[in-house]
2 protein chains.
Amino acid sequence: MSTTPETAPKRGSRLPRLARRAQLLEAAQEVFVANGYHAAAMDDIADRAGVSKPVLYQHFPGKLELYLALLDSSCEAIVASVREALRSTEDNKQRVAATIHAFYDYVANAQGAFRLVFESDLTNEPAVRERVDRVTQACAEACSEVISADAGLNKEQSMVLAVSLVGMAQVSARYWLASDNPTLAQQQAADLVASLAWRGIRGFPRTES
Amino acid sequence: MSTTPETAPKRGSRLPRLARRAQLLEAAQEVFVANGYHAAAMDDIADRAGVSKPVLYQHFPGKLELYLALLDSSCEAIVASVREALRSTEDNKQRVAATIHAFYDYVANAQGAFRLVFESDLTNEPAVRERVDRVTQACAEACSEVISADAGLNKEQSMVLAVSLVGMAQVSARYWLASDNPTLAQQQAADLVASLAWRGIRGFPRTES
DNA sequence: CTGCACGCCGATCTTGACCTCCACGGAACC
DNA sequence: GGTTCCGTGGAGGTCAAGATCGGCGTGCAG
């Protein structure tokens, strides 16, 4: 309704399988993001794509598999962004900033794909839980390698710190998006959080006053 | 402990209304915590309490209201703990530590009530979303007052920082609980995160190198 | 002892959503 | 230009789960 400039909603057009599949995935993502898993109906997804339900089931075995396909894409996207951010420089301060910005970009863009990862309503499904947990785990592990190397902490300790930083980025980015604040741009908010994170993590091994 | 040494699961016993209601709430919390909202069946809750379904509906209008009653309790608990932690001292370093520890205590105790708040699978329901958001909002506002007062930042900026700290505490506490790590005690993990948070937030207004 | 009131239970209804069956239409090919 | 084939569409089955009605047993007053 508000913004649905779909690819080609002409009903009755015959598409090659891959194009149809892509269109179905896009439609499904819109519906899942807008309504969550449970409130999303397969009828809605089919209607949204301009096809009928059987075609949906010719491309995906069921609702769960369709959801998992989208979830996997979203998980890979954020993990890849974080890894890319960490690889983008050798300066740790820049690394922190780039990582925080990666989370903000992810939350701001991707047409809400982050909701599948960070606001899923299917976390009781083991397959979903496992993927969602692995995202935080993977991001934190990538961070913890840098932390552990530079701070001389053991694995468990650096993981706790890394998870804290990831949680900070994730929660604050979602908050920033929700209270969609025109007076505080994405860049500024992310810089502020990056500053907080960097002050916290820099030169960590020394025990302060 | 983990198993269920319930109050009085003898089937057929007649309880006064308030006692019955309390028992139903406890049973419902166990089931909701274990299974989430959607996977939790009213039959399970009734069975767990040792009564039949109609009594459940004589005490609560429906599943949602039952859930909201529990959710409200859990929300009030964590917000009260955070406010208490902030009030417990005038030393900001101690404040940070106490707040982080409040989150860890909340996650570790309360027989998993935190799952209703931080891992709810009903966030699409506006009533639930509103309550869950208000928890982060309220905790962050309580923190931001201290931050804003001592750091001289405006409301939006201090709120972003406060939300970041709350997210750090919340996510890291849940991670610590999930990877139930015998080698890293709750105290140590919380202290580590508190150290990270305090390094990050202390003396914030000055812009460093 | 007997009638009454009250809370509880077994069995049932209904809704809603995931998932398939029979008819149509257009394209390709001879 | 006719036939065959494949993808599409609407209508329906199934089932789980939330929500509800007629009996039953217990405790009390007279």
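Keep in mind it's a predicted model, so treat the numbers as computed, not measured. Lettering follows sequence order; numbering is per chain, from 1.
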Separation of A:Tyr67 atom OH from C:dC18 atom P, in whole Å? 14 Å

Counting only heavy atoms and a strict 4.0 angstrom limit, can you tell me which residues of residues 54-64 of chain A come near DNA chain D? A:Pro54, A:Val55, A:Gln58

Taking C-beta and beyond as the side chain, do B:Gln186 and B:Val107 meet within less than 4.5 Å on heavy atoms? no

Using atom types as modelled, flag every donor-acceptor pair under 3.5 Å from a side chain in residues 78-88 of chain A to any protein atom, sequence neighbours excluded.
| from | atom 1 | to | atom 2 | distance (Å) |
| --- | --- | --- | --- | --- |
| A:Ser81 | OG | A:Ala77 | O | 3.1 |
| A:Ser88 | OG | A:Ala85 | O | 2.7 |

Reckon B:Ala39 touches a base, only the sugar-phosphate, or nothing at all at heavy-atom distances under 4.0 Å? nothing

Using whole Å, report how far CG of B:Asp43 lies from P of C:dG10. 12 Å

With B:Asn92, the side-chain hydrogen bond (donor to acceptor under 3.5 Å, both in side chains) member among B:Glu90, B:Gln94, B:Arg95: B:Arg95

Minimum heavy-atom separation for B:Leu122 and B:Val128, please, with both atom names. O-CB, 3.3 Å

Would you say the side chain of B:Val55 lies within less than 4.5 Å of the side chain of B:Ser52, judging by non-hydrogen atoms? yes

How long is the line joining CE of A:Met42 and P of D:dA11, in whole Å? 20 Å

For the pair made of NZ in B:Lys53 and P in C:dC9, what is the distance, rounded to whole Å? 13 Å

Please verify the inter-ring angle class for A:Tyr67 with A:Tyr37; under 30° counts as parallel, over 60° as perpendicular, anything in between as tilted. perpendicular

Would you kindly give the CZ-to-C1' distance between A:Phe32 and C:dA17, to the nearest whole Å? 13 Å

For C:dG7 and B:Arg20 - does any side-chain N or O of the residue sit under 4.0 Å from the phosphate oxygens OP1/OP2? no

